**Q** 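So that we are looking at the same thing, I have put the structure below in structure tokens.
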Protein chains: 4
Amino acid sequence: MARTTEPNGTPVPQRLLAAATRLFAERGYDRTSVQEIVEAAGVTKGALYHYFGSKDDLLHEVYARVLRVQQERLDAFADADAPVEQRLRDAAADVVVTTIENLDDASIFFRSMHHLGPEKDKQVRAERRRYHERFRALVEEGQRSGVFSEATPADLVVDYHFGSVHHLSTWYRPNGPLTPQQVADHLADLLLRALRP
Amino acid sequence: MARTTEPNGTPVPQRLLAAATRLFAERGYDRTSVQEIVEAAGVTKGALYHYFGSKDDLLHEVYARVLRVQQERLDAFADADAPVEQRLRDAAADVVVTTIENLDDASIFFRSMHHLGPEKDKQVRAERRRYHERFRALVEEGQRSGVFSEATPADLVVDYHFGSVHHLSTWYRPNGPLTPQQVADHLADLLLRALRP
Amino acid sequence: MARTTEPNGTPVPQRLLAAATRLFAERGYDRTSVQEIVEAAGVTKGALYHYFGSKDDLLHEVYARVLRVQQERLDAFADADAPVEQRLRDAAADVVVTTIENLDDASIFFRSMHHLGPEKDKQVRAERRRYHERFRALVEEGQRSGVFSEATPADLVVDYHFGSVHHLSTWYRPNGPLTPQQVADHLADLLLRALRP
Amino acid sequence: MARTTEPNGTPVPQRLLAAATRLFAERGYDRTSVQEIVEAAGVTKGALYHYFGSKDDLLHEVYARVLRVQQERLDAFADADAPVEQRLRDAAADVVVTTIENLDDASIFFRSMHHLGPEKDKQVRAERRRYHERFRALVEEGQRSGVFSEATPADLVVDYHFGSVHHLSTWYRPNGPLTPQQVADHLADLLLRALRP
DNA sequence: GATGAATGAGACTTCATTCAT
DNA sequence: AATGAATGAAGTCTCATTCAT
């Protein structure tokens, strides 16, 4: 019987998602046509609309995947059994490494968020907020226990760090002088140094 | 009908530029139609193309304006007669205040840069590079003279700070709890604290 | 409203080509809008661009059709088993009849050739050149064997005759006093008389 | 006081007409914008509309100029004091030379005629008809006096010759192997040979 | 499960012409 | 005599989506 996999072996929906991710990151959501996506995935338009309700859905799937991964990782680091300065450092460094390793996802996430419709936008914002708050809780924990300075509101500290994470997709190049881990160590170091009392 | 600026005394090119700036920031470059721009400016499409060669030109004008202002301000602060830590702090805080005061310009700048054609893109990148290097020179100066830690490469420090500046358009709201100056002081403070030896 | 061919059995691409041929001949390429073509064919613009890459493509299709037909007919007459003066006369007369019977194609061909893009232009010129050379070879054959005068270069003789063929679309009217065949006989006669030694 | 001549010395209307002639011949009437014409002439749009009522008027002026010149020359040759075969040959050769020397005018004339509005079109056709009839009268005169064959209707003979004249703008190149006079002699020769009894 | 022809709205841009100066 | 800002209609083309098969 007819299978949903082509020569490639990968199921069609995943092939479409991979093609869309790459193209959205390369040219942006609006500059990528459905035709280009299906051509890159080696299927036809009918197939895309069989699996996804709209072009918008593809974007939302990318977001959902990124959010799920990042939240899981943050939770794991934040719940670890270690001093708060260690847990914050690990979480701060990990989000950098993960972002670099999925730079396409990150480009899309930080550049195309305003393309979502109202209800999906609300949903994504809620998940982002949850992520932000978990991270902020770490900062506040350290501030309460005296290992971090209280000079700066915790909210602002979180935004300071995530600003640098967003910015990665602007300047990081895989063939640059620093490995993802080195960049992560430096950025986490900067954060921790700024928080020294 | 939807005229925001009526046929008042403002010259047409400036009315168009103002309308485009607001709309590009609100909906993004691709989601803003030329029709919407001319309606907001209260003129016809023909008038727009009388003054600007293309929609792309409007975007480039916004960039040029932002770049000019920011470079001038950075030069002034960097060339001041004060200790390097003071000059870096002032420059770091000023770019935050200026960015908040022109948040529309900033949104466009950091989100729509990839819409420029090749030659304009090259030009903008060159000016951005110049800005980056002037800022980096301040960091390096402090590192050489021993007032800043050399733990982190100066390039990375610059990107760390500018990440937070880019990020402002994502989270800053005029009616939030902090004034632009307060945000600027906090962010400059974080930078300087991170650079303590 | 203005449908000339209703949703009958003819395939859409052929309906579009027929409508374009008629309109290009009537008003010229530039004065014919895509909107007029699709209305005459009873389809929408999207359908046109589904089958043809551009308005220019439609023109090229008309050319390709004319060139193919004319070349086939010339080859048949030129390769026939008859004296050279008979073969030239037959070929010269046939191109007149065929041109009159497809006067729309001819008008377009001789008046709109300069609207083609560079690569298509090159292709059309190459095929025209092949046609010209086949015809010239007939003249030269007769000149070598002494049945035609060598007073005029063969190239010029060919252009002389084809000038009159191009010109047909300027003056020939279907309800005029001469049938296509009579015109053809006269023009072929003039050519052969001019070539008498 | 202000004169209507620029650095150039040539009056503005003539500069406009010369620029329009060149551009119409190069790109065709529809592909030439008023903006291009005024730029080529070194004036502004206001100036063009000061001297000419419309873009269409420019085209008509080109036609009028060509028609006047050709008619004058034909009349001179036809009324000369010489045998009819000499007068026809001279007229036939002269129109070739004159056409080659004004190939731009000819290209426009033979390719853009359908761009004229109804009333100007009627006017041009009337003058063309007068020209055609004067030429035909020469042929008929020779036929009546027995120096030309009566095998072909005189109308058709005229169209045969003028077909080759129209065609010149398609194939003649100034740097080709034949001078204008040589081409003219060959084409007149072909005509006269075709008319031999 | 998947096709691809067809839709129809809307995108950017060009252009001949007018008019106040 | 000449300017050039502004108009407004029309132009070509793109695209997400639908639907009969």
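Fair warning: this is a prediction, and the values are worked out from it, not measured in the lab. Letters A, B, ... mirror the listed sequences (proteins, then strands); counts begin at 1. When reading the values below, keep in mind they use all heavy atoms of this one structure, side chains included, and skip hydrogens, waters and symmetry mates.
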**Q** A:Asp57 CG to F:dA16 C1': how many Å, rounded?
**A**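 One finds 13 Å between C1' of F:dA16 and CG of A:Asp57, rounded.
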
**Q** What is the distance, to the nearest angstrom, from the CG atom on B:Leu59 to the C1' atom on E:dC12?
**A**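 About 15 Å, once rounded to whole Å.
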
**Q** What is the separation between atom CG on C:Leu48 and atom P on E:dA5, rounded to the nearest whole Å?
**A**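 Taking atom P of E:dA5 as the reference, CG of C:Leu48 is at 14 Å.
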
**Q** Here's a test for you: under ring pair (Phe, Tyr, Trp, His ring centres under 6.0 Å), which of A:Phe110, A:Phe109, A:Phe24 qualifies with A:Tyr63?
**A**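 Of all the options given, the one that passes is A:Phe109.
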
**Q** Closest to the B:Ser54 side chain: E:dT17, E:dT13, E:dA2?
**A**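 Nearest listed nucleotide: E:dT13.
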
**Q** Is the base of E:dT17 touched by the side chain of D:Lys45 through a donor-acceptor pair closer than 3.5 angstrom?
**A**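 Result: at least one qualifying N/O pair found.
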
**Q** Nearest heavy atom decides the nucleotide; on that basis, is B:Tyr51 or C:Gly53 closer to the 5' end of DNA chain F?
**A**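 Between the two, 5'-proximity favours B:Tyr51.
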
**Q** By nearest nucleotide on DNA chain E, pick out whichever of B:Val34 and C:Val12 is the more 5' one.
**A**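 Comparing both residues, the 5'-ward one is C:Val12.
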
**Q** Using whole Å, what does the distance between atom C1' of nucleotide E:dC12 and atom CZ of B:Arg31 come to?
**A**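 Result: 17 Å.
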
**Q** Rounding to an integer number of Å, can you tell me how far B:Leu16 CG sits from F:dT7 C1'?
**A**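 After rounding, the reported distance stands at 14 Å.
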
**Q** When the distance from CD of D:Gln35 to P of E:dT13 is rounded to whole Å, what number comes out?
**A**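 One finds 17 Å between P of E:dT13 and CD of D:Gln35, rounded.
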
**Q** In chain order, what residues pass the salt bridge (Lys or Arg N to Asp or Glu O under 4.0 Å) check against D:Glu127, with sequence neighbours excluded?
**A**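 Testing D:Glu127 for salt bridge (Lys or Arg N to Asp or Glu O under 4.0 Å), a comparison that skips the adjacent residues, returns none.
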
**Q** Both distances under 3.5 Å, Watson-Crick or G-U wobble: report the partner of F:dA1, or none.
**A**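 WC or wobble partner does not exist here.
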
**Q** Looking only at side-chain atoms of A:Ser33, point me to the closest of E:dA16, F:dA6, F:dA16.
**A**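 Shortest atom-to-atom distance from the side chain points to F:dA16.
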
**Q** Is any side-chain N or O of A:Tyr49 closer than 4.0 Å to OP1 or OP2 of F:dT17?
**A**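 Yes, within the criterion.
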
**Q** Separation of C:Phe52 atom CZ from E:dA5 atom P, in whole Å?
**A**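 Going from C:Phe52 (CZ) to E:dA5 (P), I get 12 Å.
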
**Q** So, does B:His50 get its side chain near the phosphate of F:dA6, meaning an N or O under 4.0 Å from OP1 or OP2?
**A**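 No, no such contact exists.
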
**Q** Is any side-chain heavy atom of B:Leu23 closer than 4.5 Å to one of B:Arg27?
**A**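 Of all side-chain heavy-atom pairs linking B:Leu23 with B:Arg27, at least one is under 4.5 Å.
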
**Q** Whom does E:dA16 pair with, Watson-Crick or G-U wobble, provided both distances fall under 3.5 Å?
**A**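 Per the H-bond distance test, F:dT7.
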
**Q** For D:Arg111 and D:Ser169, which I'm curious about, is there any donor-acceptor pair between the side chains at under 3.5 Å?
**A**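 There is no such pair (donor and acceptor under 3.5 Å, judged by atom type) between the side chains of D:Arg111 and D:Ser169.
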
**Q** Provide, to the nearest angstrom, the distance between the CD atom belonging to D:Glu39 and the P atom belonging to F:dG4.
**A**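 That distance rounds to 12 Å.
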
**Q** To the nearest 0.5 angstrom, please state how far the NZ atom of B:Lys120 sits from the NE2 atom of B:His115.
**A**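 The NZ atom of B:Lys120 sits 14.0 Å away from the NE2 atom of B:His115.
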
